[in-house]
Amino acid sequence: MTIDSGDELTINTISGGPQNLPGAGYYVPPELLELHAAGVPKVPGHLLTGPVAVVGAMPGDVLQVDILDVTLRQDWGFNFIRPLSGTLPQDFQTPHHTIIPLDVGRRVGTMPWGLELDLAPFFGVMAVAPPPAWGRISTIEPRIHGGNLDNKELVAGTTLFLPIFTEGALFSCGDGHGAQGDGEVCVTAIETALQGRFRLTVLKNLDLTYPQAETPTHYITMGMAPSLDVCVEMALRNMIKLVSQRAGISAENAYMLCSLAGDLRITQTVNREKGVHMMMAKHLIDLA
């Protein structure tokens, strides 16, 4: 579909192949079964909904993605462990698939041993179209266009900023998660179907060339690369630049503040391109 800059829209997503279905007694979105019947795409990656074109979006602009609401669409999620994957690829040699019942009203998931885990749903994948020169790519790796960020901070009430590489931006989302820890170490979170309400706004003349985000209380910079060391350097350099600009201080002072008050967190370690994000409290740097 095509919308105007600043419009709000609602997007429904689905998740999982035929092997991930829960069996009798659970609600399965009919469009998931329709997709299975039509044939799940063979290209590795996620089932995404989109793209959404935004009028006036051009390469070099930035798409502001306000995540207004995120709700569960089904009463179950799944998690799986597979050999040769995850943060410990050699440690678990047999596949392990778990259906996790979700209480939509109470916003808890019940683990197999009885633990009730609080849910904090978010979209693992939010992206604009990648640079056209890349051609067709998998959704698995997060990169400069966003993608499989798997950042658990990006819940309802937060905002994601994505550099734009194609006319219209072409926003898509999916990979719904009911809950996830920093790291997503066994490859999957609680994978589930979500509904998101977004506001998409095109920003002109903004000096942003890499995904960033903000919560009501914090700014977030990111780094994605095969090496966690490189991820750390990317997220830190981006935060130094952000702090220096917003606080009106030197890069040296911004670097110092990052050491004293910034928090580096491992976003995920399982998407080949790993992720680190850095958080800085807004009240420490926003100029009056």
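The residues of the chain are indexed from 1 along the displayed sequence. These numbers come from a predicted model, not from an experiment.
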Test item: L149 and T267 side chains (from C-beta on) under 4.5 Å apart, heavy atoms: no
When you compare the side chain of L33 with that of L21, does any pair of heavy atoms fall below 4.5 Å? yes
What's the separation between atom [atom1] in [X] and atom [atom2] in [Y], rounded to the nearest 0.5 Å?
X	Y	atom1	atom2	result
L154	L160	CG	CG	6.0 Å
M224	N151	CE	CG	9.5 Å
Q74	L102	CD	CG	7.5 Å
T87	K274	OG1	NZ	8.0 Å
M111	T98	CE	OG1	7.5 Å
Q268	D182	CD	CG	10.5 Å

Which heavy atom in [X] sits nearest to a heavy atom in [Y], and how many Å separate them?
X	Y	result
P121	L72	CB-CD2, 4.4 Å
G146	A127	C-CB, 4.3 Å
L208	F161	CD2-CB, 3.5 Å
T221	A235	OG1-O, 2.8 Å
P142	N271	CD-CB, 3.9 Å
V202	V55	CG2-O, 4.3 Å

Would you call E184 and K152 a salt bridge, taking side-chain N to carboxylate O under 4.0 Å as the test? no
Does the side-chain contact (heavy atoms from CB on, under 4.5 Å) test come out yes or no for I67 and V155, once each step is laid out? CA-CA 7 Å; I67 306 163; V155 295; over 6 Å; no
Is the count of non-hydrogen atoms from other residues, nucleotides or ligands lying under 6.0 Å from I266 atom CD1 greater than 12?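 No, not enclosed.
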D91 atom CG, neighbour heavy-atom count above 12 within 6.0 Å: yes
Which residue is it: Q212, R265, H277, E214? I am looking for the one with a side-chain contact (heavy atoms from CB on, under 4.5 Å) to I220.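 Running side-chain contact (heavy atoms from CB on, under 4.5 Å) over Q212, R265, H277, E214 with I220 returns exactly one hit, H277.
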So, applying side-chain contact (heavy atoms from CB on, under 4.5 Å) with L47, which one of L32, D175, V125 is it? L32
Apart from V270 itself, which Ile, Leu, Val, Met, Phe, Trp or Tyr residues share its cluster (side-chain heavy atoms under 4.5 Å, direct or through members)? none
Pair listing, ring pair (Phe, Tyr, Trp, His ring centres under 6.0 Å) test, anchored in residues 163-203, at least two apart: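 Qualifying pairs, neighbours excluded: F122-H177, F123-F198, F171-F198.
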Hey, is the main chain of [Y] close enough, under 3.5 Å, to the side chain of [X] for a donor-acceptor pair?
X	Y	answer
K204	V62	no
D61	M58	yes
Q90	P83	no
E167	P59	no
W76	I99	no
T13	L194	yes
D4	D7	no

Sequence neighbours excluded, the answer for salt bridge (Lys or Arg N to Asp or Glu O under 4.0 Å) partners of D69 is none
The criterion is salt bridge (Lys or Arg N to Asp or Glu O under 4.0 Å); which residues satisfy it with E141, sequence neighbours excluded?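 So E141 forms a salt bridge (Lys or Arg N to Asp or Glu O under 4.0 Å) with R143, R272.
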Indicate whether the side chain of N148 and that of T139 have a donor and an acceptor atom separated by less than 3.5 Å. no
Between Y219 and N238, does any side-chain donor sit less than 3.5 Å from a side-chain acceptor?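 The criterion, which ignores hydrogens and geometry beyond distance, is not satisfied for N238 and Y219.
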Under the side chain to side chain donor-acceptor pair (under 3.5 Å) rule, collect the residues that match up with R73, sequence neighbours excluded. E31
For the pair R107 and D118, evaluate salt bridge (charged side-chain N to carboxylate O under 4.0 Å, His left out) and give the outcome as yes or no after the intermediate values. CA-CA 6 Å; R107 289 172 66 95; D118 289 337; over 6 Å; no
Partner residues of M256 under the side chain to side chain contact (heavy atoms under 4.5 Å, CB included) criterion, sequence neighbours left out: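 M256 satisfies side chain to side chain contact (heavy atoms under 4.5 Å, CB included) with N253, L260 once adjacent residues are dropped.
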